[in-house]
Structures are given as C-alpha cells and as structure tokens.
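Labels below follow one simple rule: chain letters A, B, ... track the order of the sequence lines, proteins then strands, and each chain is numbered from 1.
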There are 2 protein chains.
Amino acid sequence: MQSIGMTIGEVSKRSGVKVPTIRFYEQIGLLPSPPRSDGNRRQFDGQDLRRLSFIRHARDLGFEVNDIRELLSLADQPSQSCHEADSIAQRHLLEVEARIEKLSALRTELQRMVQECDHGRVCECRVIQILGDHGECRHETH
Amino acid sequence: MQSIGMTIGEVSKRSGVKVPTIRFYEQIGLLPSPPRSDGNRRQFDGQDLRRLSFIRHARDLGFEVNDIRELLSLADQPSQSCHEADSIAQRHLLEVEARIEKLSALRTELQRMVQECDHGRVCECRVIQILGDHGECRHETH
DNA sequence: CTTACTTCCTCTAGTGACTAGAGGAGCAAG
DNA sequence: CTTGCTCCTCTAGTCACTAGAGGAAGTAAG
C-alpha cells in the first residue's frame, strides 16, 4: 500500500473511480481536499484510497450520495453505536426489494407484449396496442 | 370521452400525467402544441388524451423518452411493419431482465450485511466493514 | 535541451426527466 | 368585487456524473 503521494490517476486506477468523478467527489465534500504538490497536483494517500473504495462499493450497491455521506461520517466515529448504519442499510434493502418487485411485474407485461406480437403491421401490433390502451394492461401496480 | 376543449388540468387528471410534465412534453416535442383559447389556455382533445396515456404507460414500463418518440411515430403510421416496435420492446425486455439480475445480487449482499450486523459499535459493524473492505464482498459482478 | 506525449489543472455546460418556485393573468362562485 | 383556484411563462434546481475547452506540468526519447 503506497501511502504517500499518489496522483489522481493512480488513486483512480486503484479505487476504480474515474478521475473526473474523484474531483467531483472532492467538490461536493464527499472526499476531503488533499494537499497539493509544487505543481498544483493533488496528492492522495492510503486513507483517501480506502475512502474512495468505500464510496465506490456503496455506489455499486446503489446507495445515494447522501446515504454515503452519513455512512462515512459514521465510519469516522468508530465508537458510536452502529444502529444508524444498520437502519440505512435496512431502508436501502427495502427499496431494492420494492424495485425488484416492480421490475418483475414489468417484465411479465413486456414478455406478454412481445409474445403476442406476430410481426404484422403496426395497426395490429400488440406492442403498440397495449401501450395505447391502458385498459388492456394486466399490470396491477398502475 | 370529452373531445373538445379539455384544460390542461382535466387532461392531466384523466391521463395521470402531471400538469408541469405535460407542458414539458410539449416543450420537448413529445406532444404536439395544442390550440389556445382566447385567454391563452391550452385546449386538448381526445387524441391528445390518448397520446398522453400512451406516453404515461410507456414511461411506467420504463421506456425512455427517445424510445417513446419512436414508438409514437410508429403508432402514427399504422400500415407499416411493426418490426421496429417489436425490437424496441425486445431490447427493453432484455434491459429489464439484466437490471433484475443485478438487483437480485445486490439484495443478497445487503441481506448478508444486515444479518451479520449485531447492533454493536460502529468499529465492529459488518455494514461499515463490508462497505469499506471490498475484498470481503461476495458480490460477483464487481 | 528540445520535442512530443501524457497527465493534470480549472471551468463551464450538458445529460434525463422532470420538479419547484417566482410573478403574473384569467376565470368562476359567492 | 373579492376570493381562491387554475393557468401562463420563465428560470433554476435535482442527481450523479460526463464532456469538452483551454492551458500547465511532468516525463521519456532523441
């Protein structure tokens, strides 16, 4: 673990976060502003790398930036109760489950649309018909 | 079906598309600009209502505006082959299936995080630990 | 030392699909 | 006539980046 003087390109490669995104994270205060070299280049260290990896992993898991902000400030105070971190994760789990359900219903309807289309003309195309006539839709959630 | 002189509020209620969103759709050319009354109010008719319902249904199904633009122009030419409409729907189905798979993997990892957290202090919280240490993650896709 | 190439810097603007709000005008009921 | 609702236009904000301009600094080869 190289801990002194990584360039933004290095820390980008190691963390998997793109260079402009790192600058963006600094701008919105998700990552502390690192010191600069004589030539005004950002100098990152191991802690920055860990923080970026944390952010990236949380983003991959679909956490929003504000959630991550909270999770990071929790991670910075290790002796506190983790109750809040847990509830953020729980809330997020519920959201993910809701989205899976909605998408599954959607898939069913799309499958039906595609199956029923026998590739004739538009005027008898089930895809167009079903989209146009909401009453024919068996999708329950809307 | 009231076919002449619906206000934007009426057509909004009937289609389920919010008033500012209707104006937005007109602005981006998804909905043709309706005629105006003496008092400069928009006057919608039954065709506008059908078009809005079509758009709303497609948006509910997750189609992007550019897809809808294409689907609408297909629906406007009913004697053409519906091959294109079908392929848009097929492509979209594949995307939805991919998203469901990704979300399912994610749910598994979130469930594991939440289960393993025994509500102690942050320094031993599995939620924080797993987010911080990517190596511990059993999520295959990243 | 010069040249070329890459990486870095800041800044602005664009993305998608809206949403919010300001500031004002029309319309219908009491 | 006043109150309150809906409507109008316009601008700016949302989220999480991404793209591009225009320029400076670092690095490797000749």
Side-chain angles (χ1 to χ4, degrees), chain A residues 2 4-31 33-44 48 51-52 54-72 88 92 95 99 102 106 142, chain B residues 2 5-31 33-45 48 51-52 54-72 88 92 95 99 102 106 142:
Chain A
Q2 189 172 346
I4 275 179
M6 268 178 288
T7 66
I8 198 168
E10 269 170 45
V11 84
S12 165
K13 225 174 276 173
R14 284 161 182 256
S15 66
V17 181
K18 288 184 202 151
V19 168
T21 306
I22 295 174
R23 289 197 275 251
F24 169 74
Y25 286 160
E26 180 185 340
Q27 193 189 313
I28 64 171
L30 207 55
L31 195 69
S33 293
R36 302 292 183 110
S37 72
D38 289 353
N40 199 33
R41 307 296 170 88
R42 291 173 177 81
Q43 288 175 305
F44 296 92
D48 296 316
R51 201 170 178 94
L52 272 174
F54 185 107
I55 294 170
R56 200 214 154 185
H57 195 181
R59 286 292 299 140
D60 278 350
L61 289 174
F63 287 92
E64 290 174 12
V65 163
N66 279 342
D67 287 340
I68 297 177
R69 220 182 277 276
E70 223 173 319
L71 287 169
L72 276 167
I88 292 172
H92 189 60
E95 275 163 26
R99 273 168 65 192
K102 221 185 149 190
L106 203 157
H142 60 278
Chain B
Q2 189 171 347
M6 269 179 287
T7 65
I8 197 168
E10 269 170 46
V11 83
S12 163
K13 226 175 274 172
R14 284 161 181 257
S15 66
V17 181
K18 288 184 201 152
V19 169
T21 306
I22 294 174
R23 289 197 275 252
F24 171 73
Y25 285 160
E26 181 186 339
Q27 192 189 314
I28 64 172
L30 207 55
L31 196 69
S33 295
R36 301 293 182 110
S37 73
D38 289 352
N40 198 31
R41 309 293 172 89
R42 289 171 179 84
Q43 289 175 303
F44 296 93
D45 62 12
D48 296 317
R51 203 172 177 92
L52 272 174
F54 184 107
I55 294 170
R56 200 215 154 185
H57 195 182
R59 285 292 301 140
D60 277 350
L61 288 175
F63 286 92
E64 292 175 10
V65 164
N66 279 342
D67 286 340
I68 297 176
R69 220 183 277 276
E70 224 172 321
L71 287 169
L72 277 169
I88 292 173
H92 189 58
E95 275 164 27
R99 272 167 66 193
K102 223 185 149 189
L106 203 155
H142 60 276

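With respect to B/Val11, the side-chain contact (heavy atoms from CB on, under 4.5 Å) criterion is satisfied by exactly one of B/Val17, B/Ile22, B/Val19: B/Ile22.
As a whole-Å value, the separation of A/Gln43 CD from D/dG26 P is 11 Å. Atom CD of B/Glu26 is separated from atom P of C/dC18 by 15 Å (rounded to the nearest Å). A/Lys13 places its NZ atom 11 Å from the C1' atom of C/dT6, with the value rounded to the nearest Å. If you take CG of A/Leu31 and P of D/dA16, they are 16 Å apart, rounded to a whole angstrom. The separation between B/Ile22 atom CD1 and D/dT6 atom P is 14 Å, rounded to whole Å. Spacing between atom CE of A/Met6 and atom C1' of C/dC8 amounts to 16 Å, rounded to whole angstrom units. Straight-line distance from the CG atom of B/Asp60 to the P atom of C/dC18: 10 Å, rounded to whole Å. Atom P of nucleotide C/dA25 and atom CG of B/Asp38 are separated by 18 Å, given to the nearest angstrom.
No contact: B/Phe63 has no heavy atom under 4.0 Å from any strand.
The local environment of CZ in B/Arg99 is sparse, with at most 12 non-hydrogen atoms from other residues, nucleotides or ligands closer than 6.0 Å.
Taking for each of A/Ser37 and A/Pro20 the nucleotide of DNA chain D with the nearest heavy atom, the 5'-most of the two is the partner of A/Pro20.
B/Arg41 meets the salt bridge (Lys or Arg N to Asp or Glu O under 4.0 Å) test with no other residue; sequence neighbours excluded. Every residue two or more places apart in sequence or in another chain was checked for a side chain to side chain donor-acceptor pair (under 3.5 Å) with A/Glu64, and none qualifies.
One side chain, B/Glu26 or B/Ser33, offers a donor N or O that lies under 3.5 Å from an acceptor on the other.
Taking side-chain N and O atoms only, A/Lys18 has a distance below 4.0 Å to OP1 or OP2 of D/dT18.
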Report all interatomic pairs (protein N or O, nucleotide N or O of nucleotides 8-15 of chain D) with separations under 3.5 Å.
{"unit_1": "D/dC8", "atom_1": "OP1", "unit_2": "B/Arg42", "atom_2": "N", "d": "3.0"}
{"unit_1": "D/dC8", "atom_1": "OP1", "unit_2": "B/Arg42", "atom_2": "NH1", "d": "2.9"}
{"unit_1": "D/dC8", "atom_1": "OP2", "unit_2": "B/Arg23", "atom_2": "NH1", "d": "2.3"}
{"unit_1": "D/dC8", "atom_1": "OP2", "unit_2": "B/Arg42", "atom_2": "NH1", "d": "3.3"}
{"unit_1": "D/dC8", "atom_1": "O5'", "unit_2": "B/Arg42", "atom_2": "NH1", "d": "3.4"}
{"unit_1": "D/dC8", "atom_1": "O3'", "unit_2": "B/Arg36", "atom_2": "NH1", "d": "3.4"}
{"unit_1": "D/dT9", "atom_1": "OP1", "unit_2": "B/Arg36", "atom_2": "NH1", "d": "3.2"}
{"unit_1": "D/dT9", "atom_1": "OP1", "unit_2": "B/Arg36", "atom_2": "NH2", "d": "3.0"}
{"unit_1": "D/dT9", "atom_1": "OP2", "unit_2": "B/Arg42", "atom_2": "NH1", "d": "3.1"}
{"unit_1": "D/dT9", "atom_1": "OP2", "unit_2": "B/Arg42", "atom_2": "NH2", "d": "2.8"}

